[in-house]
Amino acid sequence: MSAQAQPTVVPRAIADGTVVVAGSINIDQRVTAARLPRPGETLIGTSASLAPGGKGANQAVAAARRGAPTVMVGAVGDDGREAEAVGVMAAAGVDLGRVATVPGPTGLALVSVGEDDAENTIIVVPGANGLVDAAAIEAHADVVEAAAVLVLQGEIPVEGIDRAAALAGGRVLLNLAPVCAVADETLRRADPLVVNEHEALVLLDQLAAGAGAGGESAAREAPARRSDAALAQALRSAGARSIVLTLGAGGAVVAEGARLVHVASPRVDAVDTSGAGDAFVGSLAASLAAGSSLIDAVRLAVRVGAFAVTREGTQSSSPTSDDVLPGGD
Ligand code: ADP
């Protein structure tokens with residue numbers, strides 16, 4: 001990010017137990033048609049909608065709705081879409097003082113859905129998110145250092161992720177989605193590393209190939225079809241202090257120290273699974289920042305994730321403190 005594009009930041013203390021999310025902010029543009037078009041084909045669609053998204057922003061909304069003081073570090077463009085992109089975060093009470101407005105487009109996810117088979121295609125143009133690099137993160141070192149929990153995902157430049165993890169003074173929650181080649185040191189700071197099954201396999205492949213993960217790869221196991229517990233065990237080779245493997249309707253597996261614990265998700269009628277993982281991560285961060293143990297935090301996060309799949313949308317499907325979560329006593 002160029003020097004003149006940086007916002008003027010007045011350093012100030014942040015509250016104890018603050019969640020800081022350094023990550024992506026997008027506009028999700030969703031169109032539906034009876035089926036997906038073939039290459040070169042134009043189809044008349046059936047609906048179009050615009051909603052704020054981006055994994056970072058989704059997770060910030062989820063953490064704030066769980067009651068955590070939450071600060072977002074990221075960037076939007078000056079293309080007229082910036083207010084829409086941060087609107088739900090603002091309404092949820094996320095502190096947006098560290099969101100820069102930079103020249104160029106806001107991050108855009110173009111989602112096409114074919115209604116006949118629910119297949120989709122997604123093109124993400126990072127736009128402003130691509131400028132959240134090491135220098136941009138350093139401009140907010142004060143909050144990154146002071147965060148009780150720093151939440152990172154894979155939708156900003158890897159240099160930004162690595163710098164943020166290095167600066168963190170508190171706990172680092174690394175949601176490696178999508179998987180990217182972060183430094184070994186970043187993986188070692190993760191407590192927990194959170195991935196779904198697909199991401200787990202991609203990460204293990206990457207580690208086995210030695211891509212971006214140091215020279216110890218020869219000792220690391222290549223992935224095959226594994227049971228969930230074996231997959232969580234294999235992920236320990238990534239070096240993270242703890243692991244949370246999410247399993248959709250199957251809940252999550254937690255690996256911490258010598259413990260390997262499966263946490264079941266409540267059974268619900270799924271309406272829209274988009275955003276479940278982000279609701280899970282945001283809730284996990286809020287619980288950890290409030291002092292919960294990892295296992296207790298995951299027990300609540302699976303209920304938050306299950307709630308999210310019962311609602312349409314991504315940010316809008318995260319529960320507030322007024323919502324009744326499934327799986328209660
Ligand atoms: P992602 O969205 O990142 O792929 P998952 O699909 O694993 O992540 O979902 C994250 C969490 O959301 C799960 O651990 C689970 O608690 C909850 N969840 C997701 N899908 C369902 C479902 N169909 N039924 C109940 N809970 C679900």
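Just follow the structure's listing: the first ligand is 1, and inside any ligand the first atom is 1. Because only heavy atoms are used, hydrogens play no part in the values below, and waters and symmetry mates are left out as well, while side chains stay in.
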Assess the side chains of Thr46 and Thr32: does a donor N or O sit below 3.5 Å from an acceptor N or O?
-> yes
Output the list of atoms in ligand 1 that are nearer than 4.0 Å to some heavy atom of Pro266, sorted by atom number.
-> 25 (C)
So which protein heavy atom does atom 14 (O) of ligand 1 come closest to, and at what separation?
-> Gly251 O, 2.9 Å
Does a side chain donor of either Ser318 or Arg65 reach within less than 3.5 Å of an acceptor in the other side chain?
-> no
Any N or O on Val268 sitting closer than 3.5 Å to an N or O of ligand 1?
-> no
At a non-hydrogen distance cut-off of under 4.0 Å, which region of Asp278 contacts ligand 1 (side chain, backbone, both, or neither)?
-> neither
Report, in ascending order of atom number, the atoms of ligand 1 lying under 4.0 Å from any heavy atom of Val302.
-> 16 (O)
Please say whether more than 12 non-hydrogen atoms of neighbouring residues, nucleotides or ligands are located less than 6.0 Å from CG in Asp323.
-> yes
heavy-atom search around atom 4 (O) of ligand 1 in the protein gives Asn196 ND2, 2.9 Å
State plainly whether the residues Asp142 and Arg98 are in salt-bridge range, i.e. N to O under 4.0 Å.
-> yes
Interfacing atoms of ligand 1 (cut-off 4.0 Å, heavy-atom, Val309) | 19 (C), 20 (N), 21 (C), 22 (C)
Considering only NZ, NE, NH1 and NH2 on the basic side and carboxylate oxygens on the acidic side, decide whether Arg188 and Glu185 come within less than 4.0 Å.
-> yes
Exercise: do Asp278 and Gln59 side chains pair donor with acceptor under 3.5 Å = yes
Pick, from Gly248, Ser274, Gly277, the option with the minimum heavy-atom distance to atom 15 (C) of ligand 1.
-> Gly248
Where is the nearest protein heavy atom to atom 23 (N) of ligand 1: which residue, which atom, and how far?
-> Ala249 CB, 3.6 Å
What residue and atom, counting heavy atoms only, is the protein's closest point to atom 11 (C) of ligand 1, and at what distance?
-> Phe280 CD1, 3.8 Å
Any luck finding a side-chain donor-acceptor pair between Gln315 and Asn58 under 3.5 Å?
-> yes
Could you check atom 8 (O) of ligand 1 against the protein and tell me its nearest heavy-atom contact, residue, atom and distance included?
-> Thr246 OG1, 3.5 Å
Can Ala308 be said to touch ligand 1, with heavy atoms closer than 4.0 Å?
-> no
Any side-chain heavy atom of Val73 within less than 4.5 Å of one from Val21?
-> no
From the candidates Ala301, Ser265, Gly305, the one that places a heavy atom nearest atom 16 (O) of ligand 1 = Ser265
In terms of side-chain geometry, is the basic nitrogen of Arg35 or Glu115 positioned less than 4.0 Å from the acidic oxygen of its partner?
-> no
What are the atoms of ligand 1, with element, lying closer than 4.0 Å to any heavy atom of Ala306?
-> 17 (C), 25 (C), 26 (N)
